[in-house]
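Worksheet for the structure shown next.
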Amino acid sequence: MAMPSVLLCNGCTPWQRLLFTASLLACWHFSTSTAQVTIESVPPQVVEGENVLFLVHNLPENLIASVWFRGLKITENVIAIYDLKQDFSAPGPIHSGRETVYRNGSLLLRNVTMKDTGRYTLRTINRHGDIVSTTIMNLHVHKHVMQPFLEISDATVAVEKSVSLICISPHDDNSFHWLFNNQSLQLTDRMTLTVTKRVLRIDPVRIEDAGDYQCEVSNPVSSKTSLPVRLAVVKG
Ligand SMILES: *[C@@H]1O[C@H](CO)[C@@H](O)[C@H](O)[C@H]1NC(C)=O
Ligand SMILES: *[C@@H]1O[C@H](CO)[C@@H](O)[C@H](O)[C@H]1NC(C)=O
Ligand SMILES: *[C@@H]1O[C@H](CO)[C@@H](O)[C@H](O)[C@H]1NC(C)=O
């Protein structure tokens with residue numbers, strides 16, 4: 001396939017020319033290279049406000065460019081391009097000012113936000129304009145969890161009555177865990193947890209249920225425990 005004349009892009013700056021190249025590559029044929037480019041997230045778990053480096057392993061040789069873009073379609077989603085021939089990097093249309101692409105293909109993302117969650121693609125291009133490799137990286141940005149608050153339906157309950165404890169937390173997708181007297185709560189057949197584990201119901205209550213309850217919220221990067229709530233059980 002001949003190079004489309006638009007690639008010559010008369011009057012363009014070198015990086016605009018690269019951008020043109022990149023946007024047209026989507027419809028070009030793939031080379032038969034067997035390069036196994038892999039991307040490693042450093043650190044593996046990414047927290048809002050921190051930096052992450054997408055470390056590229058086995059970058060093919062004899063490339064003219066590495067292109068990073070968001071999602072799967074290259075058009076308009078280019079973050080940055082590294083022109084290996086002229087040895088400089090150029091920002092793409094969606095570059096936010098926080099990304100740096102290095103000669104070795106790695107991409108540094110500074111001060112990540114929840115909006116950075118998603119798919120990132122690295123595409124490498126050889127001097128014939130062939131795509132040598134396309135590697136996808138999924139970024140999930142975590143927030144540090146906030147301390148949950150534990151609410152009790154009734155702090156003093158008579159034996160044989162019921163009580164509900166509600167773990168209040170602004171987080172949706174985190175895991176909830178319950179503590180009783182500073183130990184992991186052992187569920188009995190009188191206790192039920194809602195599917196999300198946010199509500200603990202004890203029915204019927206017994207003397208041995210009296211004590212301190214806490215809930216804990218955690219995600220892969222942090223965990224927080226509520227202040228204890230004391231349940232008193234009186235004989236009915
Ligand atoms: C690529 O370059 C960056 C920045 O200099 C560096 O942190 C990273 O370790 C390099 N990656 C590899 C695979 O050498
Ligand atoms: C990081 O991003 C937030 C907004 O997303 C901004 O308020 C903050 O100033 C940024 N921090 C740095 C060090 O750039
Ligand atoms: C739980 O731990 C706290 C702080 O370590 C302590 O003050 C409290 O007495 C403990 N409660 C029980 C029931 O062991």
Side-chain angles (χ1 to χ4, degrees), residues 35-68 70 79-84 86-91 94-118 120-124 132-137 139-144 146-150 152 155-157 163 165 167 170 177-186 188 191 200 202 205-216 221 223-233:
Q36 277 297 312
V37 178
T38 58
I39 305 170
E40 178 194 359
S41 171
V42 181
Q45 301 291 351
V46 183
V47 182
E48 189 179 36
E50 294 181 359
N51 303 343
V52 60
L53 180 69
F54 292 158
L55 200 57
V56 176
H57 299 288
N58 308 325
L59 193 74
E61 287 178 6
N62 303 318
L63 295 176
I64 58 154
S66 317
V67 187
W68 275 98
R70 281 294 294 265
I79 300 167
I81 291 176
Y82 202 102
D83 179 333
L84 289 147
Q86 309 198 32
D87 201 23
F88 74 94
S89 69
I94 64 157
H95 191 274
S96 75
R98 297 177 291 122
E99 306 90 345
T100 307
V101 58
Y102 297 105
R103 188 177 171 82
N104 62 26
S106 299
L107 178 73
L108 174 70
L109 239 72
R110 283 179 300 273
N111 192 15
V112 299
T113 69
M114 299 308 284
K115 284 185 191 156
D116 293 329
T117 290
Y120 291 77
T121 306
L122 168 68
R123 186 162 282 179
T124 61
V132 180
S133 68
T134 298
T135 314
I136 295 163
M137 173 79 208
L139 174 67
H140 185 82
V141 180
H142 298 281
K143 272 179 193 281
H144 277 300
M146 299 210 287
Q147 187 181 32
F149 176 79
L150 187 54
I152 190 162
T156 304
V157 178
V163 68
L165 293 125
C167 187
H177 183 78
W178 290 81
L179 302 173
F180 176 58
N181 291 339
N182 296 337
Q183 309 271 314
S184 186
L185 174 71
Q186 301 299 312
T188 70
M191 296 176 181
L200 167 70
I202 312 174
V205 168
R206 290 208 187 136
I207 289 289
E208 64 261 33
D209 298 327
D212 288 342
Y213 289 81
Q214 281 166 289
C215 68
E216 184 187 71
V221 296
S223 122
K224 287 269 167 60
T225 307
S226 72
L227 290 174
V229 158
R230 180 157 296 172
L231 172 66
V233 180

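Just so it is clear, the values below take in all heavy atoms, side chains as well, and ignore hydrogens, waters and symmetry mates. Every number for a ligand or one of its atoms is a count from 1 in the order of the listing.
Distance from atom 3 (C) of ligand 1 to its nearest protein heavy atom, with residue and atom name: Asn104 ND2, 3.7 Å. Protein heavy atom in closest approach to atom 10 (C) of ligand 2: Asn111 ND2, 2.3 Å. Scanning the protein for heavy atoms near atom 13 (C) of ligand 1, the closest one is Val56 O, 3.4 Å. Counting protein heavy atoms only, atom 12 (C) of ligand 3 is closest to Asn182 ND2, 3.5 Å. Of the protein's non-hydrogen atoms, the one nearest atom 9 (O) of ligand 1 is Leu55 CD1, 3.5 Å.
Heavy atoms only, all atoms of each residue included: Asn51 and Pro43 are closest at O-CD, 3.7 Å.
Enclosure of atom CD in Glu61 is not indicated, since only 12 or fewer non-hydrogen atoms of other residues, nucleotides or ligands lie within 6.0 angstrom. Under a cut-off of 6.0 angstrom, the local environment of CZ in Arg230 is sparse, with at most 12 non-hydrogen atoms contributed by other residues, nucleotides or ligands.
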Legend entry - Steps toward side chain to side chain donor-acceptor pair (under 3.5 Å) verdict (Ser66, Thr124): CA-CA 4 Å; Ser66 317; Thr124 61; over 6 Å; no
Inset, instruction - Start with the C-alpha distance between Thr135 and Arg123, add both sets of side-chain angles, then the distance that settles side chain to side chain donor-acceptor pair (under 3.5 Å), and finish with yes or no. - result: CA-CA 7 Å; Thr135 314; Arg123 186 162 282 179; over 6 Å; no
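Although no hydrogens or angles enter the test, the distance criterion places no donor-acceptor pair under 3.5 Å between the side chain of Glu40 and the main chain of Leu55.
Under a 4.0 Å criterion applied to the non-hydrogen atoms of Leu53, ligand 1 contributes the atoms 7 (O). For ligand 3 and Asn181, the ligand atoms under 4.0 Å from any heavy atom of the residue are 13 (C). Shown in contact with Thr113 at under 4.0 Å from a heavy atom are these atoms of ligand 2, numbered in order with element: 5 (O).
Tyr102 and Tyr82 have their aromatic ring centers separated by at least 6.0 angstrom.
Protein heavy atoms are absent from the space less than 4.0 angstrom from atom 7 (O) of ligand 3.
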